[in-house]
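The following block contains the structure, expressed as structure tokens.
Chain letters run A, B, ... following the sequence lines, proteins first, then strands; residues in each count from 1. What's counted below: heavy atoms across the whole structure, side chains too, no hydrogens, waters or symmetry copies.
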There are 2 protein chains.
Amino acid sequence: MYTQGFGVSTGDLSRITRFDSYDRSVHSRDHPERVRKGMTTQKRRRPGETRDMLMEAALTLVGRGRHFASLGIREVTRQAEVVPTSFYRHFRNMDDLGLTLVDELGVVLRGMMREARANVLHADKLMDESVAIFVNHVQSNRNFFTFMAQGLAGESQAIQQGIRNEMQFFASELANDLRNLRLLTHLSDEDLDMACELVVRTVAFSLTDILSISPEDEEELTRIRRQTTRFLRMIFIGADHWQSS
Amino acid sequence: MYTQGFGVSTGDLSRITRFDSYDRSVHSRDHPERVRKGMTTQKRRRPGETRDMLMEAALTLVGRGRHFASLGIREVTRQAEVVPTSFYRHFRNMDDLGLTLVDELGVVLRGMMREARANVLHADKLMDESVAIFVNHVQSNRNFFTFMAQGLAGESQAIQQGIRNEMQFFASELANDLRNLRLLTHLSDEDLDMACELVVRTVAFSLTDILSISPEDEEELTRIRRQTTRFLRMIFIGADHWQSS
DNA sequence: GCCTCGTGTGTACGGTTGTTCACATCTTGT
DNA sequence: ACAAGATGTGAACAACCGTACACACGAGGC
């Protein structure tokens, strides 16, 4: 009914529909000899590329100061230089995209942990090294971590839970490592887990500190590094003198 | 080229404007004999009432699971049962409203601190009592604290900084109280501040735990209470054995 | 060759949004 | 009583949004 409404069109008509024309900015790469019937060439991409571009576009916008909860489908597709309809080929809605991002977050965190394990060989430098590695990872995956910080108190229950789980997993891995390093051996498993959770939370909070400053502000950055290590040191001293009943 | 493609339509005009009619739901209290020239009676309110209603409406929506960054002016005014235009009489935009909320947050926090000071008289029950008071305040100002949790990683730099300041102020007040209670007297001022900041952060993180569960889930709630106290205990033990160089 | 899938594209509809304008109404100071 | 100012109201506009549909391609198996 409403689709072929041109020309005379006796129906509800007289509505000036200035073509929606989704603001395809300057990029318009119409391979000139391939246009037929007013349809441009389809861009060839490796499979899953558009999907990745959409995720990256969302992260870019987040990194630019926007909050994930306020992003719209059209906005993301515009940033990804893709037509809005394409979105639905890969995600059901924005929450779906968010959940996929959380999965990828797991990968980033695991990578960080691997690096920490490889570099922190003896206990005396443990904290300074770990904090430094953490800060570096945040710096080089700023958008990702911003998304994570937002999601912790975010809109979608599912995303929130996902991030929470990642943190919990991280904490239990940390407890494992401490066991292997023969540290805090006097703590019961439960208490060790508790201590590690506290450590992870403290570091996560520092995350918001890092994100709130400009990435180039080396001075503030070392201040945060120092503060975080002091926090951790205090927690470890507490754990050291803790008596598991 | 593609914009004015329709039938006759000489100008751009001829646009069917079906009245915007901002969805005034059922409330329509038109005092019947006062309608003149098609204009209804103006609701009489005490000064500043609409302003408060707008803030409360925003909090209500936040409490209902929405993220503050994704709220729109129309949405808030709809919830407040006020016409969209009224918004501009009180706030310039949503960020402005958010900042006002942060101010009010300060009031809530100060109230909490006052209650804690009045009830925590001797040091042995200090932590259990304080945590309990905190949890109660969160429960009875749930929306407010949800807003705060969201704002910590939020969209607006200003709101973020505001909340951060409130937390810092809270921490320094806490340090003051500890001095007065003759606790942790061996710490330098700087180190005591540090410890208090860590405490406040830990409690703030527990906030997100509380908010992520249903308000009636007593069981989970006591679990969180217990966990938080244990965190604090560990920090205090650490502070107790800390040596200010 | 053909047919089917997965994916990209153009167009469209109906709805909502932020903001402006002119006007109505209430409150307060004089 | 009346002017001034603060506050509430209704209508309007242009822009943007989510989503639906039909079509266009390329790659793969048969």
Side-chain angles (χ1 to χ4, degrees), chain A residues 1-6 9 11-13 15-24 27-31 34-54 70-78 80-96, chain B residues 2-3 5-6 12-13 15-24 27-31 34-54 70-78 80-96:
Chain A
M1 165 60 82
Y2 47 85
T3 122
Q4 75 271 35
F6 244 10
S9 120
D12 70 331
L13 53 119
R15 180 193 175 74
I16 305 274
T17 52
R18 63 261 179 276
F19 290 1
D20 226 345
S21 104
Y22 66 100
D23 175 23
R24 100 203 83 181
H27 90 286
S28 84
R29 65 172 70 175
D30 313 331
H31 195 161
R34 275 293 211 145
V35 290
R36 284 195 304 192
K37 291 201 197 168
M39 172 82 49
T40 62
T41 331
Q42 180 170 353
K43 285 164 222 155
R44 191 166 22 209
R45 296 200 231 271
R46 80 161 194 283
E49 183 174 358
T50 304
R51 186 185 155 98
D52 293 350
M53 283 170 66
L54 286 171
S70 77
L71 295 183
I73 288 176
R74 278 185 118 106
E75 196 176 2
V76 172
T77 55
R78 197 182 310 130
E81 296 193 328
V82 158
V83 96
T85 334
S86 268
F87 185 91
Y88 297 101
R89 299 277 184 216
H90 306 281
F91 308 103
R92 285 201 312 285
N93 47 41
M94 281 304 277
D95 266 16
D96 194 11
Chain B
Y2 45 83
T3 126
F6 239 8
D12 71 329
L13 49 124
R15 177 189 178 78
I16 307 267
T17 52
R18 67 261 174 271
F19 289 4
D20 224 348
S21 104
Y22 68 100
D23 175 23
R24 100 205 82 182
H27 91 285
S28 84
R29 65 172 70 172
D30 312 331
H31 195 161
R34 275 296 212 143
V35 290
R36 284 194 306 190
K37 289 199 198 170
M39 172 83 49
T40 63
T41 331
Q42 180 172 353
K43 287 166 223 153
R44 191 169 20 211
R45 296 199 233 272
R46 77 160 197 285
E49 184 175 357
T50 303
R51 188 185 155 99
D52 294 349
M53 284 170 66
L54 286 171
S70 77
L71 295 183
I73 288 177
R74 278 186 118 103
E75 196 176 4
V76 171
T77 55
R78 198 182 309 129
E81 296 194 327
V82 159
V83 95
T85 332
S86 270
F87 184 91
Y88 296 99
R89 299 276 183 215
H90 305 280
F91 307 102
R92 285 200 312 286
N93 47 43
M94 281 305 273
D95 266 16
D96 194 10

Of all residues at least two apart in sequence or in a different chain, which pass the side chain to side chain contact (heavy atoms under 4.5 Å, CB included) check with Asn93(A)? Asp95(A), Asp96(A)

Spacing between Asn93(A) atom CG and dC17(D) atom P, to the nearest angstrom: 17 Å

Taking donor-acceptor contacts at under 3.5 Å, does the side chain of Arg74(B) reach the base of dT19(C)? yes

Please state how far atom CZ in Arg92(A) lies from atom C1' in dA20(D), giving the value in whole angstrom units. 18 Å

Calculate, to the nearest 0.5 Å, the distance between atoms OH and CD1 belonging to Tyr88(B) and Ile73(B) respectively. 3.5 Å

Please confirm whether the shortest side-chain N or O distance from Thr85(B) to OP1 or OP2 of dT20(C) is below 4.0 Å. no

Could you check Glu75(A) against Arg89(A) and say which one's nearest nucleotide on DNA chain D is further toward the 5' end? Glu75(A)

With a 4.0 Å cutoff (strictly under), does any side-chain N or O of His90(A) reach OP1 or OP2 of dG8(C)? yes

When rounded to the nearest 0.5 angstrom, what is the spacing between CZ in Phe87(B) and CZ in Arg74(B)? 12.5 Å

Arg51(A) CZ to dG8(C) P, in whole Å, measures 11 Å

Nearest-Å distance, CG (Asp95(B)) to C1' (dG18(C))? 14 Å

Given atom CG of Leu54(A) and atom P of dT9(C), what is their separation to the nearest angstrom? 11 Å

Choose from dG18(D), dG8(C), dG10(D) the nucleotide whose nearest atom is closest to any side-chain atom of Ser86(A). dG8(C)

Within this structure, what is the CZ-to-P distance between Phe91(A) and dG18(D), rounded to whole angstrom? 15 Å

Value in whole Å for how far the P atom of dT19(C) lies from CG of Asp96(B): 12 Å

Hey, is the side chain of Tyr88(A) poking within less than 4.0 Å of OP1 or OP2 on dT19(D), counting only N and O atoms? yes

Rounded to the nearest 0.5 angstrom, the OG1-NE2 distance for Thr50(A) and His90(A) is 4.5 Å

Counting side-chain heavy atoms from CB outward, which of dT17(C), dG8(C), dC16(D) is closest to Arg78(A)? dC16(D)

Please state how far atom CD in Glu49(B) lies from atom P in dC26(C), giving the value in whole angstrom units. 15 Å

For the side chain of Ile73(B), counting heavy atoms from C-beta on, which of dT19(C), dC17(D), dT19(D) is nearest? dT19(C)

Ser70(B) side, atom OG; Met94(A) side, atom CE - distance, nearest 0.5 Å: 11.5 Å

